[in-house]
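The chains referred to below are lettered A, B, ... by the order of the sequence lines, with proteins before strands, and numbering in each begins at 1.
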Amino acid sequence: MPVDKLQMSRRGFLGLGAAAGVITLTACGTSSGGSSAGPLVMTVWGGDPDRKTYQARIDLLVKKYPDLKVKLQLIPNDSYPQKVQTMIAGGSGPDIMQVAESVNTYSSKNQLLPLDDLAKAAKLDTEQRFGPVGSLYSYEDKLYAIPDRSGAVTVFYNKDLFDKKGIKAPTADWTWDDALDAFKELTVPGKQWGYSGAEWWPQWWSLAYQNGGTIIDESGRPAVDSDEVVEALQWAGDLVFKHKVVPSKADYADMGPDIGGDQAFPNQKIATHANGFWVMSGLTDAKFAWDIAPMWRGEKQAVSAFGSGLAISRTSKQRDNAFKAIDFLTSPEAQQQIIASGQDVPANLEVQKSQAFLKPSWMKTDVDMGVFAESSAFVFRAPFIPEWNEMIDTISNGLADFWLGKERSAKKALTAVQKDLEALIKSGS
Amino acid sequence: MATTTAPTPPPEAPAATKSPTAPKKPKLSKRRRREALSFYLFVSPWVIGFLVFLLGPMIASIYYSLTDWDSFTPPQWVGFQNYVTLLTDDPVFWKALWNTLFYAAVSVPLGLVLGLWLANLLNKQVRARKLLRTLIYLPTLIPLVATAMIFRMVLAPSGPLNDFLGLFGVSGPNWLYDGPWVKPALILMSTWGAGAATVLLLAAMKGIPRELYEAAEVDGASAMRQFWSITLPHLTPIIFFNLIMGLIGAFQVFSQVYILVSKGKNPAGYDAAQTMVPFLFDQAFSYYHMGYASAISWLLFLVILVFTVIAFRTTRRWVFYETEVK
């Protein structure tokens with residue numbers, strides 16, 4: 001019934017559906033704010049395995065503090081920002097909310113609660129608990145989220161293919177030249193490639209930071225046209241089009257729909273792949289030997305990390321309880337669940353170094369899990385600016401032709417991107 | 001719809017007009033009133049739904065389109081700034097508008113011609129007619145995500161379509177990544193849904209009186225002549241309906257773009273094919289420019305309105321309603 005009605009009215013009003021769609025979502029949110037006695041609402045993104053892990057951690061929390069109640073809302077990745085935006089705009093934002101790179105979209109708009117005082121009251125020392133990642137979610141000297149999951153990019157490599165060619169395993173001391181030499185050895189034209197490529201920002205930014213570059217400089221201005229960044233991108237692009245040791249877009253498209261490095265590596269199409277922890281979930285049934293290594297180095301060591309933190313929205317009526325929950329959820333006891341289920345890398349350093357992490361029960365092969373703790377020492381701090389989403393889109397649009405091989409000069413591509421970014425990021429803070 | 005209740009009480013209607021006396025009226029209208037009440041009762045879900053979920057938000061969106069609003073903090077009044085920026089200082093808007101017009105201008109006529117052709121074929125006395133009808137309608141029932149997956153395989157650089165083109169010595173483009181070929185790829189995918197129009201046209205064809213064809217045959221009209229002079233004029237109302245629906249649908253195309261050339265995995269393709277609603281969606285839900293997005297939606301509304309009005313204005317010239325024949 002309602003569906004029919006909607007269609008009728010849309011037809012009748014000549015496509016106002018578009019306008020209405022935007023507005024309905026924002027206008028219908030004047031319901032009452034979260035009640036003070038009800039359960040804490042916690043929003044997270046992900047799929048079913050994520051739900052199980054979060055729920056297991058919440059169960060531990062409720063066991064320890066029986067007076068706390070937490071309602072877990074799992075939202076699919078794609079619609080998470082929209083859903084949370086709508087909740088906040090409607091005045092009933094989640095009490096506990098998972099945030100990541102776009103954290104400062106919310107904090108800059110005064111939607112998150114600064115957590116410094118609550119952390120101090122709870123005697124939570126983020127530096128001690130999480131290392132350098134502890135202050136990752138700070139904005140203008142205030143802490144807005146407590147790290148929850150955090151794993152560096154690591155190099156997955158196919159041991160069998162490496163052994164066959166007599167190449168030594170990758171190490172943190174590999175230089176760009178060492179890497180390129182190995183990739184060349186491992187490439188069989190048209191059939192197998194040495195490396196999966198660095199098109200995604202966490203991958204090529206790692207190279208840029210290794211080369212001494214930054215995406216946003218210390219004064220808050222974009223700096224993607226610097227020589228360091230240009231050189232790094234050029235190197236990454238040359239891997240595809242000059243040395244042909246990385247599959248091109250066309251090569252990937254021919255492997256099947258939605259195939260990228262995460263799928264091509266388990267299929268032995270590529271010999272090395274630098275990406276996040278989740279690649280392991282595709283490797284549980286791998287028919288070949290594989291391991292992980294820290295990211296190689298350029299001028300210096302640098303690598304991206306994937307992670308997320310837990311924040312409290314400003315509309316929350318139960319700040320103290322929400323923080324109590326976050327404090328516990330990021331404690332070793334609860335964080336152990338994250339690795340026990342194979343979901344992700346827990347941000348808590350103590351857990352990263354524990355036996356439970358280094359030898360997870362579900363791991364069938366011998367994988368050097370210590371790489372994650374090792375890498376966390378040289379994770380660079382990505383610029384989580386309030387305009388994060390627009391910045392990422394601007395960069396990926398601006399580099400689209402570069403990654404297609406239509407524009408071979410990284411200098412030209414990045415000069416154009418720099419101009420767009422300068423228009424986008426006006427205020428240097 | 002509700003006005004069709006008029007013929008049901010024929011005896012009362014004349015009675016009411018005949019009798020001038022006042023007391024009789026309320027007695028008669030008691031039933032009327034009950035009827036009116038149930039009319040309003042039945043129609044109320046729609047009216048309330050319309051007012052609350054459509055008209056209210058629409059009016060609100062006019063206001064928001066005149067503000068700078070990130071959806072979190074209170075809106076800031078900026079007058080026509082959003083519209084001015086869109087029209088004078090946002091190349092993406094013009095690109096998205098051009099892409100949308102291109103898509104609509106090609107996919108809608110193409111869908112109609114294809115639908116008409118298929119319907120005409122299916123109307124013939126061929127073997128396995130019912131099976132063919134099912135097969136032609138079937139694609140419209142496949143969820144869009146699955147369709148997009150199929151098309152990504154079909155349109156792969158070394159996929160079946162390019163293999164087929166290779167038979168003729170044509171080396172096909174990298175459809176979904178090569179800028180100018182992304183829109184044709186989207187249009188190709190839109191023709192996948194031609195079955196929906198086919199069914200409507202076929203039903204209309206069945207409704208054309210046989211006598212007309214018999215008379216034409218007696219007069220010695222060829223099959224071609226019969227199609228142009230009998231079939232097509234009778235189908236114009238359905239073609240018109242499909243044209244309007246197709247135009248509105250094409251201007252609002254969203255999921256096709258968002259799924260076939262997803263922004264995250266294929267920025268080049270997305271950039272080349274970005275249409276108005278994906279542009280609007282990004283501004284509203286990815287960049288938090290809700291006021292700006294509202295302005296886009298109103299401009300899109302105007303564009304659709306203009307084209308629909310044009311289509312309606314031309315109906316006198318080419319749409320033939322049998323009931324209007326004098």
- [ ] Tell me, yes or no, whether the heavy-atom count around A:W200 atom CH2, taken from other residues, nucleotides or ligands under 6.0 Å, exceeds 12.
- [x] yes
TODO: For A:K419, look at atom NZ and say whether over 12 heavy atoms of other residues, nucleotides or ligands are found less than 6.0 Å away.
DONE: no
Open item on the list: So which residue, A:D258, A:L404, A:N110, ends up with the most heavy-atom pairs under 4.5 Å with chain B?
Closed with: A:D258
- [ ] Check each atom of A:Y252 against the heavy atoms of chain B and say whether the ones under 4.5 Å are side chain, backbone, both or neither.
- [x] neither
- [ ] Identify which of A:D251, A:D393, A:D401 forms the greatest number of heavy-atom pairs closer than 4.5 Å to chain B.
- [x] A:D393
TODO: With a 4.5 angstrom heavy-atom cut-off, could you sort out which part of A:Q111 is near chain B: side chain, backbone, both or neither?
DONE: side chain
Task: Pick from B:D70, B:L176, B:I150 with the largest number of heavy-atom pairs that fall under 4.5 Å of chain A - done: B:D70
TODO: Give, for atom OG of B:S61 and atom CE of B:M290, the distance between the pair rounded to the nearest 0.5 Å.
DONE: 11.5 Å
- [ ] Return yes when atom OH of B:Y63 has more than 12 non-hydrogen atoms of other residues, nucleotides or ligands closer than 6.0 Å, and no otherwise.
- [x] yes
Open item on the list: Can you give me the closest heavy-atom contact between B:T140 and B:A196, atom names plus distance?
Closed with: CG2-N, 3.6 Å
